[in-house]
Amino acid sequence: MREQHGISRAHIARMVAIGAIASALGIALGLLIDWFPVQASEEARAIDTLWDVLVIVSVPIFVLVMTVVLYSVWQFRMRPGEELADGPPIHGHTRLEVVWTAIPAIILVALCSYAYVVLRDIETADGSGSGKEMKVRVVGEQFTWTFYYPQQGGKEVVSNQLYLPVGKGVRFAIQSKDVLHDFWVPAFRQKIDAVPGITTSFRLTPTKQGVFPVVCAELCGLGHSVMRQTAHVVAPAQFDKWLADKRAKSQGGGGGGATGSAPPKDGKALFTGVEPKCSSCHTLADAGADATIGPDFDKVLKGKDAAFIEKSITDPSAEIEKGYQDGIMPPNYGQTLKPEEIKALTDYLVKVATK
Ligand code: CUA
């Protein structure tokens with residue numbers, strides 16, 4: 001007859017040994033894997049440390065549960081002839097129940113407190129002082145992001161690319177024109193939903209110059225996967241110049257250019273270079289583009305004229321090609337592109353796609 005009352009010390013010792021080895025391997029693996037993109041903000045460091053701590057704490061818990069389950073299946077499974085046998089009668093074990101309630105509760109409260117402290121530190125403006133923090137309004141819509149820089153006198157400079165000066169705190173005010181989106185620059189780590197009707201917010205300090213993707217992290221419709229933009233973190237002087245340029249260009253109405261201080265006027269360069277890129281959704285042999293999210297320009301523009309093309313760029317809902325859906329193409333090109341850029345794009349498409 002097999003042992004009926006409790007598990008022997010040998011079993012427990014074996015489970016502990018297996019669990020300890022598996023936990024060590026799991027933690028090593030969890031810490032070795034390079035989960036995240038480059039750290040481009042001051043806050044990224046604290047967030048990555050939080051992640052590492054969560055890995056270190058949760059791997060042994062997962063391993064403990066799995067070890068006990070798998071070990072029990074292996075060692076204590078029913079054997080032939082035991083079909084009618086019953087386990088030992090157990091009427092609860094108060095000490096065990098107290099322990100398995102108290103330990104997870106303590107771990108949870110500790111981790112929540114730690115996460116709260118990290119979040120509070122991140123949300124507190126750093127040395128640059130909250131008064132000097134830069135403000136950027138971020139507006140999501142199906143399917144693009146637009147960035148507004150408040151200026152003196154209540155005016156805003158608009159851009160479809162995010163420019164930030166390195167080393168300066170920035171507070172984002174995030175809004176949505178239509179459905180739920182989620183503003184996320186993975187290199188900065190933080191993200192938050194863009195919710196129609198309210199303004200959400202977070203702050204950070206970029207620490208690394210470079211170009212980082214801005215993505216939407218909330219499923220928001222057919223164009224969700226292409227709802228991308230670019231964040232440029234540049235030297236403060238370069239940022240000031242970019243903003244001054246934009247401000248000068250936006251005077252007298254209309255939006256600013258899309259690509260900073262030296263926007264390409266070449267229609268082909270615009271087609272493949274302006275964000276969001278025409279070439280990431282449309283096919284056009286001349287530009288080497290073969291995307292199929294939007295209509296194929298080598299086919300649908302035959303016999304069309306400049307007026308039609310311009311209207312399609314600035315008001316994409318005006319006419320929808322058969323088989324395609326309204327609302328996928330960003331509706332803000334009319335706002336974020338300069339008139340001469342729209343003209344250059346139109347001329348280019350007339351030249352290469354209408355004949
Ligand atoms: Cu916007 Cu997903």
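Only heavy atoms go into these numbers, but all of them, side chains included; no hydrogens, no water, no symmetry mates.
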Please report, to 0.1 Å, the donor-acceptor pairs under 3.5 Å made by any side chain of residues 101-111, with sequence neighbours excluded.
{"unit_1": "Thr101", "atom_1": "OG1", "unit_2": "Glu97", "atom_2": "O", "d": "2.7"}

side-chain hydrogen bond (donor to acceptor under 3.5 Å, both in side chains) against [X], all qualifying residues, sequence neighbours excluded:
| X | value |
| --- | --- |
| Asp193 | none |
| Tyr148 | Gln335 |
| Gln209 | none |
| Gln175 | Arg137, Thr199 |

Linking Ile, Leu, Val, Met, Phe, Trp and Tyr through side-chain heavy atoms less than 4.5 Å apart, which residues share a cluster with [X]?
| X | result |
| --- | --- |
| Leu70 | none |
| Trp100 | Leu96 |
| Leu180 | Val195, Ile198 |
| Leu31 | Ile27, Leu29, Ile33, Trp35, Phe36, Trp51, Val55, Ile56, Val59, Val63 |

Show every salt bridge (Lys or Arg N to Asp or Glu O under 4.0 Å) that has at least one partner inside residues 8-37, sequence neighbours left out.
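Not a single pair qualifies under salt bridge (Lys or Arg N to Asp or Glu O under 4.0 Å).
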
Any residue meeting ring pair (Phe, Tyr, Trp, His ring centres under 6.0 Å) with His232, in chain and number order, not counting sequence neighbours:
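Partners of His232 under the ring pair (Phe, Tyr, Trp, His ring centres under 6.0 Å) test: Tyr163.
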
Would you give me the side-chain donor-acceptor pairs under 3.5 Å for residues 283-299, sequence neighbours excluded?
{"unit_1": "Thr283", "atom_1": "OG1", "unit_2": "Ala291", "atom_2": "O", "d": "2.7"}
{"unit_1": "Asp286", "atom_1": "OD2", "unit_2": "Tyr348", "atom_2": "OH", "d": "2.7"}
{"unit_1": "Asp296", "atom_1": "OD1", "unit_2": "Asp298", "atom_2": "N", "d": "2.9"}
{"unit_1": "Asp296", "atom_1": "OD2", "unit_2": "Lys299", "atom_2": "NZ", "d": "3.4"}
{"unit_1": "Asp298", "atom_1": "OD1", "unit_2": "Ala285", "atom_2": "N", "d": "3.3"}
{"unit_1": "Asp298", "atom_1": "OD2", "unit_2": "Ala285", "atom_2": "N", "d": "2.8"}

Between Glu123 and Arg171, is there a salt bridge with N-O shorter than 4.0 Å?
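Salt bridge flag = yes for Glu123 with Arg171.
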
Please answer: with hydrophobic residues joined when any side-chain heavy atoms are less than 4.5 Å apart, are Leu164 and Val215 in the same cluster?
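In one cluster with Leu164: Val215, no.
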
